[in-house]
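Encoded as structure tokens, the structure appears first; notes follow it.
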2 protein chains.
Amino acid sequence: MSDRIIPEATKRRMPIYYKYFKSQQEAGTKRVSSKSISDSLDIDSATIRRDFSYFGELGRKGYGYNIDSLVDFFSEQIFGKTVKKVAIIGVGNLGSALLRYNFGGNVSNSMQLVAGFDIDETVIGKTIGNCVVYNMDELNHIVKEKNINIAILTVPKESAEEAKIAIENAGIHGIMNFAPVKLTGHEGLVIHDVDITLELQSLCFNMKLSRGE
Amino acid sequence: MSDRIIPEATKRRMPIYYKYFKSQQEAGTKRVSSKSISDSLDIDSATIRRDFSYFGELGRKGYGYNIDSLVDFFSEQIFGKTVKKVAIIGVGNLGSALLRYNFGGNVSNSMQLVAGFDIDETVIGKTIGNCVVYNMDELNHIVKEKNINIAILTVPKESAEEAKIAIENAGIHGIMNFAPVKLTGHEGLVIHDVDITLELQSLCFNMKLSRGE
DNA sequence: ATACTTATGCGACATTAAGCACTATTTGTG
DNA sequence: CACAAATAGTGCTTAATGTCGCATAAGTAT
């Protein structure tokens with residue numbers, strides 16, 4: 001069935017599955033079934049089996065799925081074969097927090113935070129977390145040198161558009177944008193917006209619906 | 001049509017609509033049509049009209065929708081009549097970044113960041129952004145005093161469960177959880193998980209699918 | 001071995017969401 | 001005031017997603 005037409009809904013669940021597999025692997029689990037995944041993730045077991053079937057026959061009847069195989073398979077599906085290198089553009093409050101946080105060490109085998117960039121002389125040259133903060137002028141050069149694939153954009157909204165263009169020109173094809181601005185990229189540039197105020201509103205609305213307060 | 005059975009898909013779009021209305025209102029726009037919203041948000045105009053119709057007849061034929069009315073109406077739908085008070089639990093890297101960031105001042109009329117909480121003596125008593133950081137011991141008391149409705153949980157994953165219980169006991173009914181742990185709440189506690197590593201994985205996967213690299 | 005249990009993969013069906021196309025109404029213009 | 005243009009609201013069609021149930025294969029116990 002792996003004709004490479006993965007439904008949107010399945011795509012959305014991929015990282016959720018992967019996170020679960022990793023946590024199970026760490027906990028020493030050797031095998032899982034669609035039922036056991038279902039219990040933990042609250043996704044119907046039939047949905048899980050269907051999702052996996054888009055990638056081929058990953059399991060064995062009567063046995064289930066082997067955790068190590070799943071982790072390896074999903075890791076390659078999500079990240080590809082090479083480690084993804086990530087840079088933080090804009091080392092202000094949020095940017096420096098993310099640098100220090102370093103994903104809680106959670107994705108280190110497949111993704112790596114490798115640099116920060118800013119235009120503010122007072123942070124340029126500093127090392128935050130494990131990363132040196134470079135001048136934005138050096139973006140092109142460092143991106144090539146370190147093989148950076150992904151940019152996390154944490155600049156003020158006024159500078160977001162300009163930063164996006166610089167990132168695009170440096171040859172980066174994926175942006176996770178924290179600035180509350182709608183950015184549009186050319187063909188081949190994938191932009192993923194994260195807006196904390198949107199998340200909070202969604203929380204509020206769900207509270208309202210669930211309790212009518 | 002407002003029988004209070006809002007489809008999930010519509011719920012998910014509510015904050016997106018609201019954000020757009022606010023930005024248009026700020027820009028001085030007085031009226032919008034489902035067509036103009038559609039152009040900006042890339043949601044089919046019929047879907048937009050249908051979404052709105054679940055809340056009654058919000059527009060006028062031949063005219064469209066009045067922006068100020070939409071903002072007011074959606075604001076009440078999402079937040080209710082009173083300003084929501086938010087506290088940050090765990091004033092580490094991410095927590096203090098969020099305190100300083102203060103949502104970029106973007107939701108100030110309907111939500112307000114009012115306090116931080118931590119167990120670390122070196123931050124307790126400090127003022128970050130506009131908020132005082134209190135000792136976790138004071139949670140119950142300050143929540144009542146300041147009428148806090150929502151907690152943003154930015155503690156290390158080891159302390160997340162314990163913090164959740166404290167939050168629940170203090171009478172807060174909504175948690176936005178940044179810790180990479182699955183938290184489950186009792187009936188009436190709404191938990192919304194935000195996991196940056198998940199977002200990054202989703203970005204990676206989309207890059208892979210869109211470019212096959 | 002044999003029977004029983006577990007659990008996948010998949011066809012068929014059910015539910016939910018999206019979008020077309022029509023109708024009814026209001027606006028705006030000459 | 002009359003008429004063209006604009007646009008909401010909605011019945012119905014189509015597409016996407018989710019779920020059931022079963023045939024089949026693997027594992028497990030006697």
Side-chain angles (χ1 to χ4, degrees), chain A residues 1-17 20-21 24 29-70 73-74 77 202 205-206 209, chain B residues 1-17 20-21 24 29-74 77 202 205-206 209:
Chain A
M1 274 296 126
S2 63
D3 314 42
R4 297 266 106 188
I5 329 141
I6 318 290
E8 286 306 315
T10 301
K11 284 188 208 168
R12 276 199 300 273
R13 283 185 292 265
M14 292 289 290
I16 299 171
Y17 292 136
Y20 175 72
F21 301 154
Q24 287 300 297
T29 308
K30 289 297 173 212
R31 55 186 264 197
V32 290
S33 66
S34 56
K35 177 69 167 53
S36 70
I37 303 172
S38 173
D39 291 342
S40 301
L41 298 184
D42 205 37
I43 299 170
D44 190 276
S45 68
T47 301
I48 293 169
R49 291 198 299 280
R50 164 91 64 219
D51 280 347
F52 291 7
S53 78
Y54 293 114
F55 298 96
E57 309 211 347
L58 268 42
R60 276 149 59 200
K61 295 180 181 185
Y63 173 88
Y65 305 86
N66 178 279
I67 269 284
D68 293 339
S69 320
L70 281 180
F73 185 84
F74 273 67
Q77 288 302 314
S202 159
F205 191 47
N206 283 318
L209 291 175
Chain B
M1 278 285 131
S2 65
D3 315 43
R4 295 269 107 188
I5 329 142
I6 318 288
E8 286 306 317
T10 300
K11 284 187 207 168
R12 278 199 300 274
R13 284 187 289 266
M14 294 289 288
I16 300 172
Y17 292 138
Y20 175 73
F21 301 154
Q24 287 301 297
T29 307
K30 290 294 172 216
R31 57 186 263 199
V32 291
S33 66
S34 58
K35 178 68 168 52
S36 70
I37 303 172
S38 173
D39 291 341
S40 301
L41 298 184
D42 205 37
I43 299 169
D44 190 277
S45 67
T47 300
I48 293 169
R49 291 196 299 278
R50 170 91 58 204
D51 280 347
F52 292 5
S53 78
Y54 294 114
F55 298 95
E57 310 211 346
L58 268 41
R60 274 148 60 202
K61 297 181 183 183
Y63 173 89
Y65 304 87
N66 179 278
I67 270 284
D68 294 338
S69 320
L70 281 179
V71 168
D72 290 351
F73 185 85
F74 273 68
Q77 289 302 314
S202 160
F205 192 47
N206 283 319
L209 291 175

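We name chains A, B, ... by the order of the sequence lines, and we start the count at 1 in each one.
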Discussion item. Is A/Tyr65 close enough to C/dG9 that one of its side-chain N or O atoms is under 4.0 Å from OP1 or OP2 there?
Written reply: yes
Item to complete: For this output row, return yes or no: ring centroids of A/Phe52 and A/Phe74 closer than 6.0 angstrom.
Response: yes
Discussion item. Are A/Pro7 and A/Tyr54 packed together at the side-chain level, in the sense that at least one heavy-atom pair is separated by less than 4.5 angstrom?
Written reply: yes
Worksheet item: A/Leu58 has an atom CG; how far is it from atom P of C/dC10, in whole Å?
Response: 11 Å
Worksheet item: Could you give the CG-to-P distance, from B/Asp51 to D/dG9, as a whole number of Å?
Response: 12 Å
Discussion item. Using a 4.0 Å heavy-atom cut-off, does A/Phe52 contact any base of the nucleic acid, only the sugar-phosphate backbone, or nothing at all?
Written reply: nothing
Discussion item. What is the distance, to the nearest angstrom, from the CD1 atom on A/Ile37 to the P atom on C/dA7?
Written reply: 11 Å
Discussion item. Side chains of B/Met14 and B/Phe55, heavy atoms from C-beta outward: is any pair under 4.5 Å?
Written reply: yes
Worksheet item: Once you round it to whole Å, what is the distance between C1' of D/dT7 and CG of B/Asn66?
Response: 15 Å
Worksheet entry | Point-to-point distance, once rounded to the nearest 0.5 Å, from OG1 of A/Thr29 to CG of A/Asp68 | 10.0 Å
Worksheet item: To the nearest 0.5 Å, what is the distance between CG (B/Leu41) and OG1 (B/Thr47)?
Response: 11.5 Å
Worksheet item: Starting at the 5' end of DNA chain C and moving along, which residue's nearest nucleotide shows up first, A/Ser33 or B/Arg31?
Response: A/Ser33
Worksheet, complete the sentence: Of all heavy-atom pairs linking A/Ile67 and A/Gln24, the shortest is CD1-CB, 3.7 Å
Worksheet item: What does nucleotides 19-26 of chain D look like as a protein-contact string, B for base, S for sugar-phosphate only, - for none, at under 4.0 angstrom between heavy atoms?
Response: BBB--BBB
Worksheet, complete the sentence: In this structure, OH of B/Tyr65 is separated from CZ of B/Phe73 (nearest 0.5 Å) by 11.5 Å
Discussion item. So which atom in B/Ile43 and which in B/Ser38 form the shortest heavy-atom distance, rounded to 0.1 Å?
Written reply: O-OG, 2.7 Å
Worksheet item: Could you state the NZ-P distance from A/Lys30 to D/dG27, rounded to the nearest angstrom?
Response: 17 Å
Worksheet item: What is the minimum heavy-atom distance between B/Arg13 and B/Asp51, and which atoms define it?
Response: NE-OD2, 2.6 Å
Worksheet item: With a 4.0 Å cut-off on heavy atoms, is B/Ser34 in touch with a base, just the backbone sugar-phosphate, or nothing at all?
Response: sugar-phosphate
Discussion item. Near DNA chain D, counting only heavy atoms under 4.0 Å, which residues of residues 8-15 of chain A show up?
Written reply: A/Glu8, A/Ala9, A/Arg13
Worksheet item: In whole angstrom, what separates B/Ile5's CD1 from C/dT15's P?
Response: 15 Å
Worksheet entry | B/Lys35 NZ - D/dA5 P separation (whole Å) | 17 Å
Worksheet item: Can you tell me how far P of C/dA17 sits from OH of B/Tyr54, to the nearest Å?
Response: 8 Å
